[in-house]
Undergrad: 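Can you read through this structure? Questions will come right after.
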Amino acid sequence: MELAAKKSDTLGKDAAKPADPQRFGREQVLGSARYQGRRDLLSALLQNGGEYATAEVDRLMNDFLKGKVK
């Protein structure tokens, strides 16, 4: 009984923690096949030395593409 209680406690703690997304440098993002068609846009949006998660890169691209033209 005691072992089952410990196992469920550890599963509950692990499930509650959000997973840290993997982060990539600017050059890694620009060199990836996922963003092959948007390299020119990303080279303007991403800063040197910055690290980005894929969700963050997608959000930056979408925000820029949905922006209004002045």
Undergrad: Under the 4.5 Å side-chain heavy-atom rule for ILVMFWY, direct or indirect, which residues accompany F64?
TA: F24, V29, L30, Y35, L41, L42, L45, L46, Y52, V57, L60, M61, L65

Undergrad: Can you see which heavy atom on D40 is nearest to which on G37, and at what distance?
TA: OD1-O, 4.3 Å

Undergrad: Taking only Lys NZ, Arg NE, NH1 and NH2, and the carboxylate oxygens of Asp or Glu, determine whether D58 and R34 approach each other closer than 4.0 Å.
TA: yes

Undergrad: What do you reckon, is CZ of R38 surrounded by more than 12 foreign heavy atoms closer than 6.0 Å?
TA: no

Undergrad: Could you give the distance from CG (N48) to CD (E27), rounded to the nearest 0.5 Å?
TA: 7.0 Å

Undergrad: Apply side chain to side chain donor-acceptor pair (under 3.5 Å) to E56 and list each qualifying residue two or more places apart in sequence or on a separate chain.
TA: R23

Undergrad: Which residues pass the salt bridge (Lys or Arg N to Asp or Glu O under 4.0 Å) test with E51, sequence neighbours left out?
TA: none

